[in-house]
Visitor: 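Before I ask anything, let me first share the structure, which is written out below as structure tokens.
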Amino acid sequence: SLPSFVPSPSPLSLSPFPHQSCLSLPFTHRSTMTCCTLKVKIAFTILGISAGVMAGSWFAIGFHNISTSIMAFASAFFAALSLYMHWAYKKNWMIEWTDRRFKTIFYINVILFIFASAGMVVCMVIAGINHQGITYDELMGENLWMTSVWCFMTAKWTGMSAFYARSYNREVMAPLVHSPPIY
């Protein structure tokens with residue numbers, strides 16, 4: 001017998017896996033990614049896109065900080081990539097994606113995550129060595145403290161895109177792995 005907090009298998013379940021139901025097709029492994037719902041993920045990525053675009057515009061126009069605005073726009077771009085992956089998953093477009101496409105997205109994002117993380121550290125070190133401050137007047141022009149913040153945001157979105165590419169790859173390819181071969 002199962003503990004009370006473990007849901008019992010549905011009597012309508014046609015899946016060979018008891019925790020999956022036939023109602024969750026074509027992706028039968030959606031229960032493996034339980035950190036939050038897909039609607040919440042989409043909402044957060046839309047928030048990330050808008051934050052990146054607004055900050056990039058503000059730092060370019062208001063503060064004339066080009067490096068920060070470039071990293072803010074880069075963050076918005078990678079948030080948009082994450083949104084595209086969530087939307088493709090929601091609309092079941094990922095069924096047609098190949099394993100190579102998922103791996104390409106994963107490895108490119110991992111490499112960019114490493115570069116953005118290194119950029120964040122380098123910006124912090126250089127800003128500290130140059131004794132840059134964070135008051136309103138010191139933010140005018142190039143300020144590497146703000147650039148390091150947006151390097152972090154870019155690293156976050158590239159890391160999340162890599163994570164979701166790998167997770168969605170497992171979920172999309174799992175029915176193929178667990179199904180009998182067609183002769």
Side-chain angles (χ1 to χ4, degrees), residues 30 32-91 93-94 97-173:
R30 287 188 189 236
T32 59
M33 294 177 57
T34 58
C35 70
C36 56
T37 67
L38 190 58
K39 289 181 182 180
V40 172
K41 292 174 190 173
I42 289 172
F44 279 133
T45 55
I46 290 170
L47 182 65
I49 293 167
S50 63
V53 169
M54 286 188 293
S57 301
W58 179 254
F59 280 106
I61 296 168
F63 290 103
H64 305 288
N65 190 341
I66 302 304
S67 62
T68 301
S69 62
I70 288 171
M71 291 311 298
F73 287 129
S75 174
F77 174 78
F78 290 111
L81 173 64
S82 184
L83 175 65
Y84 175 72
M85 285 194 301
H86 294 319
W87 195 254
Y89 180 75
K90 178 181 172 74
K91 295 296 182 179
W93 298 338
M94 284 187 175
W97 290 13
T98 62
D99 187 52
R100 177 175 285 196
R101 185 173 186 177
F102 283 110
K103 287 184 179 179
T104 301
I105 292 170
F106 173 76
Y107 287 119
I108 288 172
N109 278 291
V110 166
I111 290 168
L112 293 172
F113 171 79
I114 292 168
F115 284 147
S117 298
M120 177 187 68
V121 171
V122 167
C123 285
M124 286 180 172
V125 168
I126 293 173
I129 290 172
N130 292 340
H131 302 290
Q132 291 183 348
I134 55 171
T135 64
Y136 183 81
D137 292 334
E138 292 171 325
L139 288 177
M140 291 295 176
E142 286 298 315
N143 187 300
L144 295 178
W145 290 116
M146 290 294 109
T147 305
S148 70
V149 168
W150 284 97
C151 283
F152 169 77
M153 296 302 289
T154 302
K156 180 190 78 140
W157 285 115
T158 55
M160 292 304 294
S161 294
F163 172 77
Y164 286 124
R166 188 170 175 102
S167 299
Y168 289 150
N169 184 19
R170 287 182 184 152
E171 290 193 31
V172 170
M173 296 300 162

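What's counted below: heavy atoms across the whole structure, side chains too, no hydrogens, waters or symmetry copies.
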Visitor: Does anything in residues 112-146 pair up under ring pair (Phe, Tyr, Trp, His ring centres under 6.0 Å), and if so which pairs, sequence neighbours excluded?
Guide: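 For residues 112-146: F63-Y136.
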Visitor: Return each pair, listed once, that meets salt bridge (Lys or Arg N to Asp or Glu O under 4.0 Å) where at least one residue sits in residues 116-133; pairs must be two or more places apart or across chains.
Guide: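 Salt bridge (Lys or Arg N to Asp or Glu O under 4.0 Å) check on residues 116-133 returns no pairs.
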Visitor: If you look at every heavy atom in Q132 and E142, which pair is closest and at what distance?
Guide: NE2-O, 3.8 Å
Visitor: Specify the closest pair of heavy atoms between A79 and G48, including all atoms of both residues, with the distance to one decimal.
Guide: CB-C, 4.0 Å
Visitor: Which pairs, with at least one residue in residues 97-112 and sequence neighbours excluded, count as a salt bridge (Lys or Arg N to Asp or Glu O under 4.0 Å)?
Guide: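 Only D99-K103 qualify under salt bridge (Lys or Arg N to Asp or Glu O under 4.0 Å).
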Visitor: Run Y84 and T45 through side chain to side chain contact (heavy atoms under 4.5 Å, CB included) and show every step you take.
Guide: CA-CA 9 Å; Y84 175 72; T45 55; over 6 Å; no
Visitor: Output the distance between atom CG (L81) and atom OG1 (T158), rounded to the nearest 0.5 Å.
Guide: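 Result: 9.5 Å between the selected atoms.
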Visitor: CH2 of W150 to CZ of F73: how many Å apart, nearest 0.5 Å?
Guide: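 One gets 10.0 Å once the value is rounded to the nearest 0.5 Å.
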Visitor: Using the side-chain hydrogen bond (donor to acceptor under 3.5 Å, both in side chains) criterion, which residues pair with N65? Sequence neighbours excluded.
Guide: S67, T68
Visitor: Flag the pair W157 / F77 as yes when at least one side-chain heavy-atom distance between them is below 4.5 Å, and no otherwise.
Guide: no
Visitor: Step through the shown structure and confirm whether more than 12 heavy atoms of other residues, nucleotides or ligands are within 6.0 Å of CD1 on I134.
Guide: no
Visitor: Nearest heavy-atom pair of A162 and F106: which atoms, and what distance?
Guide: O-CD1, 3.2 Å
Visitor: Between S148 (side chain only) and M124 (backbone N and O only), is there a donor and an acceptor less than 3.5 Å apart?
Guide: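 Checking the backbone N and O of M124 against the side chain of S148, no donor-acceptor pair under 3.5 Å is found.
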Visitor: Where do W97 and W93 come nearest, in terms of heavy atoms and distance?
Guide: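 Nearest pair, atom of W97 first, then W93: CD1-O, 3.6 Å.
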Visitor: Rounded to the nearest 0.5 Å, how far apart are OG1 of T135 and CE of M140?
Guide: 10.0 Å
Visitor: Do any side-chain atoms of residues 50-59 form donor-acceptor pairs under 3.5 angstrom with protein atoms, and if so which ones, sequence neighbours left out?
Guide:
unit_1 : atom_1 : unit_2 : atom_2 : d
S50    : OG     : I46    : O      : 3.3
S50    : OG     : L47    : O      : 2.9
S57    : OG     : V53    : O      : 2.9

Visitor: Once you round to the nearest 0.5 Å, how far does CG of L112 lie from OG of S117?
Guide: 10.5 Å
Visitor: If I take atom NZ from residue K156 and atom OG from residue S161, how far apart are they, to the nearest 0.5 angstrom?
Guide: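 If I round to the nearest 0.5 Å, the distance is 10.0 Å.
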Visitor: Can you tell me if S69 uses its side chain to pair, donor with acceptor, with the backbone of I66 under 3.5 Å?
Guide: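 Indeed, once roles are kept as given, a pair shorter than 3.5 Å links the two residues.
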Visitor: Take atom CZ in F152; do more than 12 heavy atoms of anything else shown fall under 6.0 Å from it?
Guide: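 Incorrect, the count does not exceed 12.
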Visitor: Return the minimal non-hydrogen interatomic distance between Y168 and M85, and the atom names on each side.
Guide: CE1-O, 3.9 Å
Visitor: G133 and N143: which non-hydrogen atoms are nearest, and at how many Å?
Guide: O-ND2, 2.7 Å
Visitor: Parallel under 30°, tilted from 30 to 60°, perpendicular over 60°: which one fits the rings of Y164 and H86?
Guide: perpendicular
Visitor: Measuring from T104:OG1 to N109:CG, what's the distance to the nearest 0.5 Å?
Guide: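 Interatomic distance, T104 OG1 to N109 CG, rounded to 0.5 Å: 11.0 Å.
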Visitor: Quick one: side-chain contact (heavy atoms from CB on, under 4.5 Å) partners of V121, sequence neighbours excluded?
Guide: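 In terms of side-chain contact (heavy atoms from CB on, under 4.5 Å), with neighbours along the sequence ignored, V121 is linked to V125.
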